[in-house]
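Before any comments, here is the structure.
In what follows, chains are A, B, ... by sequence order, proteins preceding strands, each numbered from 1.
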Amino acid sequence: MTVEIRYFAWVRERVGTEAETLDLPEGTQTVSDLLSWLKNRDERFAHAFEDMDTIRVALDQEHSEHDQLIGNAREIAIFPPMTGG
Amino acid sequence: MTVEIRYFAWVRERVGTEAETLDLPEGTQTVSDLLSWLKNRDERFAHAFEDMDTIRVALDQEHSEHDQLIGNAREIAIFPPMTGG
Amino acid sequence: MSGPITPKVLIQAEDFDAAAEAGALSAGRKDVGALVTFTGLCRDEDGRLSALELEHYPGMAEAEITRIAKEACSRWPLTGLTVIHRFGKIAPGGNIVLVAAASSHRRAAFEAADYLMDFLKTRAPFWKKEHLKEGSEGSWVEAKTIDDDAAKRWTPG
Amino acid sequence: MSGPITPKVLIQAEDFDAAAEAGALSAGRKDVGALVTFTGLCRDEDGRLSALELEHYPGMAEAEITRIAKEACSRWPLTGLTVIHRFGKIAPGGNIVLVAAASSHRRAAFEAADYLMDFLKTRAPFWKKEHLKEGSEGSWVEAKTIDDDAAKRWTPG
């Protein structure tokens, strides 16, 4: 499954890229599966995702929980807690 | 004791005057004493004060309770519940 | 902050410029993070009213609103507070009251403006009389229990 | 009222005119009794900051704020609702966010504006980075537990 991944704020700074297109490995079902896989890619990702509880994810521009299924989402965004307003 | 009494809104309309200077009778100690005495003056006052619970009073421009002592107040205002804002 | 600021309170027949009053609370400042403005306007009540007439108690109106505004300034860390209440005849769509509260943080600005409005409704010596478009003379607006209840929210217990 | 109104939502780098936006919600109308405007401004944090930089998620920012705004419109009987959130670099004293809510009655306008701000803080995809006047690069503003708690006030139970 091919998805577009986008990173924002300090997650973006730590992983060193704004966006990338990735083929998810077999068996990547939930948001949590994806995050664990990304965390093991290299040191930058390990650093970005060191405190998994602070990581927020949106599937196709809607907020999602870590235990949610990725399903057919085409755009997955990963970012820290929001500080707008 | 001589006081200036002011009436507002429908209390003013019912009693038929905006303000008057009155000598309070001996023994008029509380706001309630004053209201009872006024109520017995004539039919207009009886009508204005028929539902005593709705009557609000300010002593020298400060909200007061019916059981409060009039003391040295020079200006006593009598009016319905406020509807500003 | 070196203690509560002094609120600006105006009781007037003339219209006010809500935008200018609100803008004045943040203009040239870098410590204001939140500005809450409440404007109360005259409704025509589904076309029923030609105007509202606001009677007030001169002197006490300013004194009482100043008391309420000062209480808000001592209760919340405001950087600015302006309260304007009009009296006289006001046509539908016209301004009646303005509360503008500025603070470093939004919670203080929101709560102070909300508090002011609750107490203006129940304690400021103003009385509204309706003027009807058709028919007989209008009547005095009745005070609402809901307003008393709203004001009670601010008293602990 | 014939059902919820459609809110106006803008995500933009340009500044906004809070007064004009608020005024547009009551102009020419006679059914608006209450207009609450919240403006969030950039503070310099006691002279420490030269600017705040707001990163946002284009597309989702508008979608998410529209969801929150529509939720407010279905929850309160609003006659108008405008939400504007800026992104990019904003200097101290500059505008960041505007919420303007109009209704027949003040409680609805106050609550809707308050609700909007609570959920913008916790759900709108914006991130603030501080730029310091002196010294090294600034850091990302941390999310506050107090904001999460504020947002939870609106959920029953």
Counting only N and O atoms by type, is there a donor-acceptor contact under 3.5 Å from the side chain of C:Arg123 to the main-chain atoms of C:Leu120?
-> no

Between C:Arg86 and C:Asn95, is there a donor-acceptor pair closer than 3.5 Å when you use the side chain of the first and the backbone of the second?
-> yes

Taking the six-membered ring for Trp, is the centroid-to-centroid distance between D:Tyr115 and D:Trp76 below 6.0 Å?
-> yes

Determine whether the aromatic ring centres of C:Phe126 and C:Phe87 lie less than 6.0 Å apart.
-> no

Just so I know, are the side chains of [X] and [Y] near enough to count as touching, which here means a heavy-atom distance under 4.5 Å?
{"X": "C:Glu130", "Y": "C:Leu52", "value": "yes"}
{"X": "C:His131", "Y": "C:Glu53", "value": "yes"}
{"X": "D:Arg75", "Y": "D:Trp154", "value": "yes"}
{"X": "C:Val99", "Y": "C:Leu81", "value": "yes"}

Among the listed options D:Arg43, D:Arg107, D:Lys121, the residue most often paired with chain C at heavy-atom distances under 4.5 Å = D:Arg43

When the 4.5 angstrom heavy-atom criterion is applied to D:Ala113 and chain C, the contacting part is both

Okay, D:Arg29 and chain C: the region with an atom under 4.5 Å from a heavy atom over there is backbone

Tell me, for C:Asp118 versus chain D, whether the close heavy atoms (under 4.5 Å) come from the side chain, the backbone, both or neither.
-> both

Please flag which part of C:Asp114 lies under 4.5 Å from any non-hydrogen atom of chain D: side chain, backbone, both or neither.
-> both

When rounded to the nearest 0.5 angstrom, what is the spacing between OG in D:Ser139 and CG in D:Leu132?
-> 7.0 Å

Winner by heavy-atom pair count (cut-off under 4.5 Å) against chain D, out of C:Val97, C:Asp31, C:Leu35, C:Val32 = C:Leu35

Residue selection (most heavy-atom pairs with chain D, distance under 4.5 Å) from C:Pro92, C:Gly33, C:Ala34 | C:Gly33

Of all the residues in residues 9-27 of chain D, which have a heavy atom that comes within less than 4.5 Å of a heavy atom in chain C?
-> D:Ala19, D:Ser26

